[in-house]
Amino acid sequence: MNDFDAIVIGTGAAGGIVAAVLAEAGQRVLLLERGADNPSPESPRDHLRNQRLSIYGHNAGPDISDHPRIAVAPNGTTSLVHPHEPGYQNNAACVGGGTRVYGGMAWRFMPQDFRMATTYGIPAGSSLADWPITYDDLEPFYERAEWEIGVSGATGADKFAGPRKKPYPLPPVDSNPERIALERGAAKLGLNTFPIPLLINTIPYNNRPACGKCGMCIGFACPTNSKNGTQNTMVPRALATGRCMLVTGAMAQKVHTDPRGNATAVSYFVNDKLQTHTAGMVICSAGAIESARLLLNSATVHHPHGLGNDFDQVGRHLQGHTYTGAFGVMPEPIFDGQGPGVSIATTQFNHHNPSIVGGGLLANEFIKLPALFIKWAMPPGQPRWGLAAKQYARENYRRTIHVQGPTQDIPNPEARVTIDPQIRDRWGIPVARLSGTTHPETIRTANFLRHRAEEWLTASGAKKVWSYPPQLQLSAGQHQAGTCRMGNDPKTSVTNSWGQIHGCENLYVIDGSLHPTNGGFNPALTIMALAFRSASYLIDRDQ
Amino acid sequence: MSIFFLTQRQLSTLRAAADRIIPPDETAGAAEAGATDFILRLQNNELSAHQTAYAQGLNKIDEQATTQFAQLFADLAPAQQDIVLQAIERNHAIFFRMLVEHTLEGFYADPSNGGNRDAVSWKMIGYRAEGGIW
């Protein structure tokens, strides 16, 4: 008899859900998390060491010294990078993963996002592809994610959204002066705007309180536990069954397989000791970089290039989002200091842009911490020191308006995760090597979007507006996706639409790795919906 | 806090330079807000590799001050200090940029980092002007 019915590797947006659905259906689950249960209890609110601004460290893992990667810059320069450094493409490693510290935007992708190749054709050199499922296939599971994790929003207000059967469970966030100004500008331009859907409690929900409006959403764990992630919803549900064992500080080393490629066990380090547990099924939910790394590091004589990698697909098409947008200075203060701050968005430019592939949402920003303001929100040519610089900050912090959004990445097969041939982590496991860039079409789309953002700010009354051109570079980071894409053809994809590795009975990838494309939206709710869908399949097929 | 990697003279120079990067006016400047505490703390922890660069850079500031005005930097008038720092910005750009960024980080970060005593910068710009529990 196996030690467990299932081993789930990773407790983030997907892994926490898979563990809970399986455990609630009666399965015995081992849930592994390489990070800690309670990240950074000593300095949870450090403005210079968090998942948003990690100049000197961060607050939600992974450990800075134990988890290096190799980053290959567009010019070919190779460097060893640590989790808080540029180029690492970090996502939090702790119970809840990125959902512990995200801003919590709760977007459904649009129907067109599942049909990108059909809608736009495939740009030369890109691996743009349709999903093997449609929006309608995923809709019931978006609904489950919204209700079981908890989403606030204005039902029906986004006129470009796909159809939905149930409303949001929670009312939308309040308005604020920045939103009022942007609504004024949007009305002039004819843009459809609406309150941003958020995984944040606007009223008490699931026995946890409403948002305390502290404004430290993004990059930080919520001090009132009003931000909904898997750590305060699905992981507790999994543990409440008594059938799920959560092990933190557990670094997966390899998935063991039989000659046919079926999973038999997982080896992982806890406190530097190697443990191995057998299971009837293994689910990799470690995020697009670490799930790919684990499959590649689990090579056998029968699968010498790594599991699921007979056709050299694992690790390719790595994508995240190229962020773009614009800043402006308003005549009057528009900052009221009330979190979350994000309150208004438009999906007017996600599709239907003349001679542009895809697009992306535009939204106002979360409360900007002063250290971020001084680093990121200065106009070009603004002196950084002296009395004028101080006076600029004093005058304009509360007047600065900012609209931005995630450009839908056009995938590039050369943007990829491979295994570094030399560098190993603390446990001797070969580290991920990240190389390539997004496809140049992404930059063309991003430039289109930033000019729309500038127009919106100008129409909203900003007296000075500026933006920065997007750079052709690798995008992955907290929105990382695409490295084990789902599809119908084993030659061009790694899994089927359930996350099951082609040709394999019981080895699954369930996380953002599955996304053939990543939408012009924050992907968390889509990762959650896919996890509900795949997990439902796993329990159905076992009955 | 260990300050042994800087001499008293270098510390005075650092404090005076921070106060030209974020000068006092109707609200506190960087020195009063704790810029030197913040920078020393960084140098003793995450940025220990930069101790030598800091010591050498601060010496360059005093050499420039002595060359141009025949006094140590800390003893100059603010207008003279600005002239010296402009020369440092031109001739020692990497060091000066580091000094500016560290001063800004400390001044605008959370008070527990040491460079934003009593949240003076936050009150000045209107972030959590009424305080807050977090």
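The candidate from B:Thr103, B:Leu104, B:Asp110 with the greatest count of non-hydrogen atom pairs under 4.5 Å with chain A is B:Asp110.
Applying a 4.5 Å heavy-atom cutoff, the residues of residues 65-86 of chain B that approach chain A are B:Asp82, B:Leu85, B:Gln86. Interface with chain B: from residues 364-374 of chain A, residues A:Ile367, A:Leu369, A:Pro370, A:Ala371, A:Ile374 qualify, criterion being any non-hydrogen pair under 4.5 Å. Among the residues in residues 16-31 of chain B, those with a non-hydrogen atom closer than 4.5 angstrom to a non-hydrogen atom of chain A are B:Arg20, B:Ile21, B:Ile22, B:Pro23, B:Pro24, B:Asp25, B:Glu26, B:Thr27, B:Ala28, B:Gly29. Annotation: residues 51-71 of chain A contacts chain B through A:Ile55, A:Tyr56 [non-hydrogen atoms, separation under 4.5 Å].
Shortest non-hydrogen contact noted between B:Met124 and A:Ala393 is CE-CB, 4.5 Å.
The aromatic rings of A:Phe335 and B:Tyr127 sit tilted, their planes meeting at an angle between 30° and 60°.
Distance check, rounded to the nearest 0.5 Å: CD of B:Glu89 to CZ of A:Arg384 gives 11.0 Å.
Other residues, nucleotides and ligands place no more than 12 heavy atoms under 6.0 Å from the CZ atom of B:Arg15. Shown here is A:Asn207, whose CG atom has no more than 12 heavy atoms of other residues, nucleotides or ligands within 6.0 Å. Other residues, nucleotides and ligands contribute over 12 non-hydrogen atoms within 6.0 Å of the CD atom of A:Glu85.
Using a 4.5 Å heavy-atom cutoff, the side chains of A:Lys375 and B:Glu101 are in contact.
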